[in-house]
Undergrad: 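The structure that follows is given in the form of structure tokens.
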Amino acid sequence: MATNLQGSGGFSGLAVPLPGLLFSKNEYGKLTDALFDCERSTEVCSIGDESQLALSRKGVTAGGEKMSWLAVRQVCKILSAGLSASLSDLLGMKRPEATLASSRNIADPDEDFNVSEAAALYNLVLKKRFGRLFGCRYLKNTDTKVIESVVGGRYTRISNSDFLSIISSVLESCEPKYSFHSASVSGRKLCLTYSKAKSLPCGLTLGIKIINSEIGDSSIKASIALIDGNGNTMTSSYDKLSRVSHSGRDLSNKVSKLIGDVLEKSGASAYSEEALSLRISEAGSKLLGFTGDNEDSAKFYRLIDFLNTKNGLTYSMAKRCISATLTGSSADTHNFNMLDRSKLWPLKSAMSLVFSIMNESRINFADNFYLRDRFEKVAWGIFFNKLKIPNSDS
């Protein structure tokens, strides 16, 4: 059964989050049905009057539609570079947590955060700079009455339903064949993972991950994927040859060529059974240097800094990854002083860290494409020794 996900992010009270879904290996039919239903309820409209996008204090347009957080953010980007941040501030989205009891928090009473004032600011800028939206269009879901995105006049939309058909046709006709592994849908953004039929003796399965967005917030991208036995993935980085913009003619042919290029890369010797087995062995022998006592605290926080400041993971999730590496599973606590010491800590290796990052990414960010992508690429970098772990033993 497809898993429903909570919509992520948003201008609280001013806009609405978009829902998400997860589809497993045996749910390809349900995926095609869901994408068909989504396309059936899609309407693309030209923007000709500011009333189409102006919002009431309840976050509703004159036509009775709500706007997604992405649509509001896209309008803000076109109208004024700092508008999005100002709205976030007025809505209290970056307000310090009350538990911090900071002096700034004490100085920020509830009346400082007001949806009506945020809507008024948004409408004022929209009125003054509406001309900047000339030629733009918006995409609306007629079932939910939500304006899901605003795109420019040159944007060429390829529906996720058509995109799935193109990808399936290309991958199922190649040799060796790739079969559907899983998919996640977040609003109008689709992430597909296909894999080879059999996993390698090393426990990893070679695959490919492809992303499409119908609504202008991302190019079409493809990368090589390595999948473990739990369905966790790590993916290669994107270069100029692994992405296609939503513009120009023959977009379908460009997508087909993109997939062919990535498949050709996946046939390189670096992804052979022998090479991947060697990488697992080398990453497994590269110990993190833990001893299992309280003196490990400095190492614990040094690795958090490595994932956080040097590789772009959030501090809290970097802490979760290191804690999970030490405990062998998602830890109940991420406080170093409360972690149960173990004789297994000295055996923890770069490979242990890779698996923990992959697992934490899937568990916590299934519906957040950007963060999950970041995690998977960090895991890939560590696995292929492109990211040097500080002071790890050789």
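We're numbering straight along the sequence, starting at 1.
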Undergrad: If we count only N and O atoms by modelled type, under 3.5 Å, do the side chains of Asp373 and Tyr238 hold a donor and an acceptor together?
TA: yes
Undergrad: Do Leu55 and Val60 have side chains that get closer than 4.5 Å, going by heavy atoms?
TA: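 No, their side chains stay 4.5 Å or more apart.
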Undergrad: Has Tyr370 got more than 12 heavy atoms of other residues, nucleotides or ligands less than 6.0 Å from its OH?
TA: yes
Undergrad: If you apply the rule side-chain contact (heavy atoms from CB on, under 4.5 Å), what do you find for Leu204 with Ile280, and how did you get there?
TA: CA-CA 10 Å; Leu204 296 175; Ile280 290 177; 4.0 Å; yes
Undergrad: Do any N or O atoms from the side chain of Ser361 and from the backbone of Ile357 form a donor-acceptor pair under 3.5 angstrom?
TA: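 Side chain of Ser361 to backbone of Ile357, a donor-acceptor pair under 3.5 Å: no, none is there.
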Undergrad: Looking only at non-hydrogen atoms, find the nearest pair between Glu50 and Leu126 and report the distance.
TA: O-CD2, 3.6 Å
Undergrad: Distance from Ile158 atom CD1 to Ser252 atom OG, nearest 0.5 Å?
TA: 4.5 Å
Undergrad: Taking it one step at a time, do Phe383 and Leu276 satisfy side-chain contact (heavy atoms from CB on, under 4.5 Å)?
TA: CA-CA 10 Å; Phe383 180 69; Leu276 290 176; 4.0 Å; yes
Undergrad: Considering the options Leu192, Leu35, Thr42, which one meets the side-chain contact (heavy atoms from CB on, under 4.5 Å) requirement together with Asn160?
TA: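 Of the listed residues Leu192, Leu35, Thr42, the side-chain contact (heavy atoms from CB on, under 4.5 Å) partner of Asn160 is Leu35.
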Undergrad: Please report the closest heavy-atom contact between Ser242 and Ser237, naming both atoms and the distance.
TA: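 So the minimum-distance heavy-atom pair works out to OG-O, 4.4 Å.
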Undergrad: With a 3.5 Å distance limit and no angle check, can you tell me whether Gln74 reaches the backbone of Val150 through a side-chain donor-acceptor pair?
TA: yes
Undergrad: Going from CZ on Arg73 to CG on Leu83, what distance comes out if it is rounded to the nearest 0.5 angstrom?
TA: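 Reported to 0.5 Å precision, the distance equals 13.0 Å.
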Undergrad: Distance from Ser149 atom OG to Met67 atom CE, nearest 0.5 Å?
TA: 9.5 Å
Undergrad: Is a donor from one side chain sitting under 3.5 angstrom from an acceptor on the other, for Tyr138 and Ser46?
TA: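 No, no side-chain donor-acceptor contact under 3.5 Å.
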Undergrad: Using a strict cut-off of less than 4.0 Å between a Lys/Arg side-chain nitrogen and an Asp/Glu carboxylate oxygen, indicate whether Glu376 and Lys209 qualify as a salt bridge.
TA: yes
Undergrad: I'd like to know if the side chain of Thr291 pairs up with that of Asp293 as donor and acceptor (distance under 3.5 Å, no hydrogens or angles considered).
TA: yes
Undergrad: Less than 4.0 Å between a side-chain N and a carboxylate O, is that true for Glu65 and Lys145?
TA: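 The answer is no: the pair does not qualify as a salt bridge.
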Undergrad: Does Arg132 reach the side chain of Ser80, with side-chain heavy atoms less than 4.5 Å apart?
TA: no
Undergrad: To the nearest 0.5 Å, tell me how far Leu87 CG sits from Trp69 CH2.
TA: 14.0 Å
Undergrad: Of all the heavy-atom pairs spanning Ser266 and Tyr178, show the shortest one and how long it is.
TA: OG-OH, 3.5 Å
Undergrad: Would you say the side-chain atoms of Arg374 pair up with the backbone N or O of Asn311, donor to acceptor, closer than 3.5 Å?
TA: yes
Undergrad: So, for Arg362 and Gly231, which heavy atoms are closest and what is the spacing to 0.1 Å?
TA: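 Looking at all heavy atoms of both residues, the shortest contact is CD-O, 4.1 Å.
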Undergrad: Can you find a heavy atom in the side chain of Met234 that is under 4.5 Å from one in the side chain of Phe375?
TA: no
Undergrad: Indicate if Leu371 and Tyr315 have the same hydrophobic cluster label, given that clusters are the connected sets of ILVMFWY residues with side-chain heavy-atom separations under 4.5 angstrom.
TA: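 Leu371 clusters together with Tyr315.
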Undergrad: So does Ser219 get a backbone contact from the side chain of Arg243, meaning a donor-acceptor N/O pair under 3.5 Å?
TA: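 No.
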Undergrad: With a 3.5 Å distance limit and no angle check, can you tell me whether Ser68 reaches the backbone of Ala71 through a side-chain donor-acceptor pair?
TA: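 Flag set: sc Ser68 to bb Ala71 pair under 3.5 Å.
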Undergrad: Judged by modelled atom types alone, do Asp162 and Ser159 share a side-chain donor-acceptor pair under 3.5 Å?
TA: yes
Undergrad: Going by an N to O cut-off under 4.0 Å, is there a salt bridge joining Glu282 and Lys286?
TA: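 Not counted as a salt bridge, because no side-chain N and carboxylate O are separated by less than 4.0 Å.
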Undergrad: Would the distance check show the side chain of Ser349 and the main-chain N or O of Leu287 forming a donor-acceptor pair, the cut-off being under 3.5 Å?
TA: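 It does not hold such a pair.
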Undergrad: Between Thr235 and Lys377, is a side chain to side chain donor-acceptor pair (under 3.5 Å) present by the stated rule, with each step listed?
TA: CA-CA 5 Å; Thr235 54; Lys377 283 169 175 47; 3.0 Å; yes
Undergrad: Quick one, Leu288 and Trp345 - any side-chain contact, counting heavy atoms below 4.5 Å?
TA: no
Undergrad: Treat each ILVMFWY residue as a node, draw an edge where side-chain heavy atoms are under 4.5 Å apart, and state whether Leu303 and Ile382 are in one component.
TA: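 Hydrophobic grouping puts Leu303 with Ile382.
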Undergrad: Just so I know, are the side chains of Leu133 and Leu79 near enough to count as touching, which here means a heavy-atom distance under 4.5 Å?
TA: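 Sidechains of Leu79 and Leu133: in contact.
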Undergrad: Give a yes or no answer on whether the side chain of Ser88 reaches the backbone of Ser84 with a donor-acceptor pair at less than 3.5 Å.
TA: yes
Undergrad: Is it the case that Ser277 and Glu274 place a side-chain donor and acceptor less than 3.5 Å from each other?
TA: no
Undergrad: Mind checking the CZ-CG spacing from Arg57 to Asn114? Nearest 0.5 Å is all I need.
TA: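 These two atoms lie 8.5 Å from each other.
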Undergrad: Are any of the side-chain nitrogens in Asp261 or Lys265 under 4.0 Å away from the carboxylate oxygens of its partner?
TA: no
Undergrad: Donor-acceptor pair, Asn141 side chain versus Thr144 backbone, under 3.5 Å?
TA: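 Indeed, once roles are kept as given, a pair shorter than 3.5 Å links the two residues.
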Undergrad: Step by step, would you call Arg157 with Glu39 a salt bridge (Lys or Arg N to Asp or Glu O under 4.0 Å)?
TA: CA-CA 12 Å; Arg157 175 175 169 268; Glu39 183 61 17; 2.5 Å; yes
Undergrad: Less than 4.5 Å apart, side chain to side chain, heavy atoms only: is that true for Leu18 and Glu148?
TA: yes
Undergrad: Between Tyr194 and His181, is the ring centre distance below 6.0 Å?
TA: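 So the answer is no for these two rings.
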Undergrad: Would you kindly confirm whether Ile211 and Ile227 end up in one hydrophobic cluster when ILVMFWY residues are joined by side chain heavy atoms under 4.5 Å apart?
TA: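 No.
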Undergrad: Starting from the C-alpha separation in whole Å, work towards a yes-or-no answer on side-chain contact (heavy atoms from CB on, under 4.5 Å) for Phe163 and Ile210.
TA: CA-CA 10 Å; Phe163 184 76; Ile210 318 102; 3.4 Å; yes
Undergrad: Can you give me the closest heavy-atom contact between Pro346 and Lys343, atom names plus distance?
TA: CD-O, 3.1 Å
Undergrad: May I ask whether Leu258 and Leu164 are part of the same hydrophobic cluster, defined by side-chain heavy atoms of I, L, V, M, F, W, Y residues being less than 4.5 angstrom apart, directly or through others?
TA: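 The answer is yes; both residues are in one hydrophobic cluster.
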Undergrad: Donor-acceptor pair, distance only, cut-off 3.5 Å: does the side chain of Thr32 make one with the backbone of Gly29?
TA: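 Yes; judged by distance alone, with no hydrogens or angles, the pair exists.
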Undergrad: What residue among Leu387, Ile389, Ile322, Thr314 forms side-chain contact (heavy atoms from CB on, under 4.5 Å) with Leu307?
TA: Ile322
Undergrad: Provide the closest heavy-atom pair for Ala270 versus Ala275 in the form atom of the first, atom of the second, distance.
TA: O-CB, 3.4 Å
Undergrad: Say whether Tyr122 and Lys127, considering side chains only, have a donor N or O and an acceptor N or O under 3.5 Å apart.
TA: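 Per modelled atom types, Tyr122 and Lys127 side chains form no pair under 3.5 Å.
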Undergrad: Answer whether the closest heavy-atom distance between the side chains of Asn359 and Phe355 falls below 4.5 Å.
TA: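 No. Closest side-chain heavy atoms not under 4.5 Å.
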Undergrad: Identify whether the distance between the nearest side-chain nitrogen and carboxylate oxygen of Arg279 and Glu273 falls below 4.0 Å.
TA: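 Here Arg279 does not pair with Glu273 in a salt bridge, since their nearest N and O are not under 4.0 Å apart.
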Undergrad: Are Thr61 and Leu53 packed together at the side-chain level, in the sense that at least one heavy-atom pair is separated by less than 4.5 angstrom?
TA: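 In short, these two side chains do not touch, never coming nearer than 4.5 Å.
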Undergrad: Test Asp228 against Met358 for side-chain contact (heavy atoms from CB on, under 4.5 Å), laying out the working first.
TA: CA-CA 9 Å; Asp228 70 10; Met358 292 167 65; 4.0 Å; yes
Undergrad: Could you check whether Lys319 makes a cation-pi contact with Phe300, meaning its NZ or CZ is under 6.0 Å from the centre of the six-membered ring and within 45° of the ring axis?
TA: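 Output no; distance or angle outside limits.
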Undergrad: Can you tell me if Ser165 uses its side chain to pair, donor with acceptor, with the backbone of Ser161 under 3.5 Å?
TA: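 Yes, the answer is positive, given that a donor and an acceptor are paired below the 3.5 Å cut-off.
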Undergrad: First locate atom CG of Leu263, then atom CD1 of Ile224, and finally report the distance between them rounded to the nearest 0.5 Å.
TA: 9.0 Å
Undergrad: In terms of hydrophobic clustering (I, L, V, M, F, W, Y; side-chain heavy atoms under 4.5 Å; direct or indirect links), are Leu171 and Ile220 co-clustered?
TA: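 The answer is yes; both residues are in one hydrophobic cluster.
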